[in-house]
Amino acid sequence: MTNHIVVVGSINIDHVVRLARLPKPGETIRGENYQTFFGGKGANQAIAAARCGAPVMMLGNLGEDDAGRAAKKNLEVNGVDTYWIVNDPQTTTGMAMILVEEAGQNMIAVVGGANMRLSPQHIEESADLFREARLIIVQLEIPLETVSAAVSFARKTGAHVVLNPSPGQILPDSVLTRVDSLVLNETELALIEGDSSIEVSAGKLTQRSGARVIVTLGGEGAAICAPDHALEYLPSHNVKVVDTVGAGDAFVGAYAAAVVEGKPFAEAVAWGNAAGALAVTKMGAQSALPLRDDVMHLIREMPAKKG
Ligand code: RIB
């Protein structure tokens, strides 16, 4: 086993409209500007980890189109090994329509395209890739059976498995009990464990999965617990919010990079908090992901807010 992180997940092109406020159902609102960005939770997390200094390889599926070619090139430019990324001529590269309001909040609709055709067979055909991994990261913008195959495979090799169950979905115990770290927001936690307090739901999820549970709380930082770690709140940093798209992905990638470096649980979460805070200060998903030096600088120079 090497020190590699393997990301199994989605690659998208994000079409982003910035507007004063988010529309209500049936309402039309004039947008202020429109831009495209490289996105997709898998690709975002791969680049976030690479920018934090980790060696990263990615398994994903692209359409045979200009969008796919550009997204692949962008991963390479950002230091992600794309050797295992496959192409599917039957479909198009994944895309997301994103609305971002002035206060930074967003709405996202994703069309999976090629991402949803990444299959368990692709996992089987990538056995050599999994042998390289010290840690694997998966999210839910690919089919659940593929996620399940990936975590089973990783389990056999002894890699640390990080699951970011986003977009939220109810998950079987066969998946939950095979992961080592679960990074999710409050909405995703409520979907999996029911609408209770964070303390109760995170505790239940830790018990059920046996994993570290990290609940991201936006500007408030994260709540963490594990079988050997009572629930604790770790605050984030004071920053000016421009766009929250990709903040969760920045968190996951930085957290994973810290874990492969052998950082203790709370320190790895501090990397995640800092990367997430920096990511909201710029527009776009991948364009906003911070470099390792920026993450370290924020942790050193701008202590997290008091809880
Ligand atoms: O987490 C943010 C990402 O979600 C965006 O980049 C978009 O592609 C959607 O997948």
Answer yes if Val245 and Phe251 sit in the same cluster of Ile, Leu, Val, Met, Phe, Trp and Tyr residues linked by side chain heavy atoms under 4.5 Å apart, and no otherwise. no
For side chain to side chain contact (heavy atoms under 4.5 Å, CB included), just list the numbers for His4 and Val56, CA-CA rounded to whole Å, side-chain angles, deciding distance to a tenth of an Å, and then say yes or no. CA-CA 6 Å; His4 278 86; Val56 182; over 6 Å; no
Does any non-hydrogen side-chain atom of Arg69 lie less than 4.5 Å from one of Lys72? no
Atom pair CZ/CZ of Arg155 and Arg178 - distance to nearest 0.5 Å: 8.5 Å
Asp249 and side-chain hydrogen bond (donor to acceptor under 3.5 Å, both in side chains): which partner among Gln139, Gln45, Gln286? Gln45
Any side-chain donor near an acceptor of the partner, Asn185 and Thr216, under 3.5 Å: no
If the test is side chain to side chain contact (heavy atoms under 4.5 Å, CB included), which one of Val8, Leu163, Val138 qualifies with Val151? Val138
Between Asp65 and Thr93, do the side chains contain a donor N or O and an acceptor N or O under 3.5 Å apart? yes
To check you understand the geometry: which heavy-atom pair defines the closest contact between Val215 and Ala202, and what is its length? CG2-CB, 4.2 Å
Derivation and outcome, side chain to side chain contact (heavy atoms under 4.5 Å, CB included), residues Val162 and Leu135: CA-CA 7 Å; Val162 177; Leu135 181 149; 3.9 Å; yes
Any side-chain donor near an acceptor of the partner, Arg18 and Asn33, under 3.5 Å: no
Donor-acceptor pairs under 3.5 angstrom involving side-chain atoms of residues 262-276: please list them, not counting sequence neighbours.
unit_1	atom_1	unit_2	atom_2	d
Asn273	ND2	Leu234	O	3.1
Asn273	ND2	Pro235	O	3.3

Heavy-atom donor-acceptor pair, Asp88 side chain to Gln90 backbone, under 3.5 Å: yes
Check the pair Thr177, Arg208 against side chain to side chain contact (heavy atoms under 4.5 Å, CB included), reporting the backbone distance first and the verdict last. CA-CA 7 Å; Thr177 54; Arg208 184 142 79 99; 5.7 Å; no
Closest heavy-atom contact between Leu62 and Ala114? C-CB, 3.5 Å
Testing the 3.5 Å rule here: is there a donor-acceptor pair between the side chains of His160 and Ser181? yes
Non-hydrogen atoms of Leu19 and Gly31 that approach each other most closely: CB-CA, 4.1 Å
Consider only side-chain heavy atoms of I, L, V, M, F, W and Y, link residues closer than 4.5 Å, and tell whether Leu189 and Val175 are in one cluster. yes
Same hydrophobic cluster for Leu217 and Val239, using side-chain heavy-atom links shorter than 4.5 Å among ILVMFWY? no
Test item: Asn74 side-chain N/O and Ala70 main-chain N/O as donor-acceptor pair under 3.5 Å: no
From the list Ile11, Ile85, Asn61, side chain to side chain contact (heavy atoms under 4.5 Å, CB included) with Leu118 holds only for Asn61
Take Arg21 and Ile29 through the test side chain to side chain contact (heavy atoms under 4.5 Å, CB included) and record every step on the way to the result. CA-CA 8 Å; Arg21 64 173 177 82; Ile29 294 192; 3.5 Å; yes
Minimum heavy-atom separation for Ala149 to Pro120, with atom names? CB-CB, 3.9 Å
Taking atom CD of Gln121 as the centre, report whether more than 12 heavy atoms of other residues, nucleotides or ligands fall under 6.0 Å from it. no
Distance col, row Leu22:CG vs Asn106:CG, nearest 0.5 angstrom, shows 7.5 Å
Note, Tyr83 side chain near Met57 side chain (heavy atom, < 4.5 Å): no
Would the distance check show the side chain of Ser166 and the main-chain N or O of Gly168 forming a donor-acceptor pair, the cut-off being under 3.5 Å? no
Euclidean distance, Arg131 CZ relative to Ser126 OG, rounded to 0.5 Å: 10.5 Å
Under 4.0 Å between a Lys/Arg side-chain N and an Asp/Glu carboxylate O for Arg292 and Glu261? yes
Could you check whether any side-chain heavy atom of Phe38 comes within less than 4.5 Å of a side-chain heavy atom of Leu75, counting everything from C-beta outward? no
Keeping Thr281 on the side-chain end and Ala277 on the backbone end, is there a donor-acceptor pair under 3.5 Å? no
For Gln35, does the CD atom sit with more than 12 other heavy atoms under 6.0 Å from it, leaving out its own atoms? yes
Quick one: do the Ser10 and Glu141 side chains pair a donor with an acceptor below 3.5 Å? yes
Minimum side-chain heavy-atom gap Pro167-Lys41 below 4.5 Å: yes
State the CG-CZ distance between Leu205 and Arg212, to the nearest 0.5 angstrom. 14.5 Å
Shared hydrophobic cluster, Ile192 / Ile198 (ILVMFWY, side-chain heavy atoms < 4.5 Å): yes
Closest non-hydrogen contact found for Ala279 with Ala247 is CB-CA, 4.0 Å
Give the cluster check for Leu140 versus Val6: same hydrophobic cluster or not, with ILVMFWY residues linked at side-chain heavy-atom distances below 4.5 Å. yes
salt_bridge(Asp293, Arg51) N-O dist < 4.0 Å: no
Measuring only between side-chain heavy atoms, which start at C-beta, is Thr244 closer than 4.5 Å to Gln105? yes
Locate the shortest heavy-atom distance separating Leu278 from Pro290; write the atom from each residue and the value. CD1-CB, 3.7 Å
Inspect the surroundings of CZ in Arg30 and state if more than 12 heavy atoms from other residues, nucleotides or ligands are less than 6.0 Å away. no
Side chain to side chain, Met107 and Ile98, heavy atoms closer than 4.5 Å: no
Check whether Asp180 reaches the backbone of Val161 with its side chain - one donor and one acceptor, N or O, closer than 3.5 Å. yes
Hey, what do you get for OG (Ser197) to CD (Glu186), rounding to the nearest 0.5 Å? 10.5 Å
What distance separates Thr92 OG1 from Asp66 CG, expressed to the nearest 0.5 Å? 12.5 Å
Tyr233-Glu199 side chain donor-acceptor pair, cut-off 3.5 Å: yes
Is there side-chain contact between Ile5 and Ile136, with heavy atoms separated by less than 4.5 Å? no
Indicate yes or no: at least one non-hydrogen side-chain atom of Asn115 is less than 4.5 angstrom from one of Asn12. yes
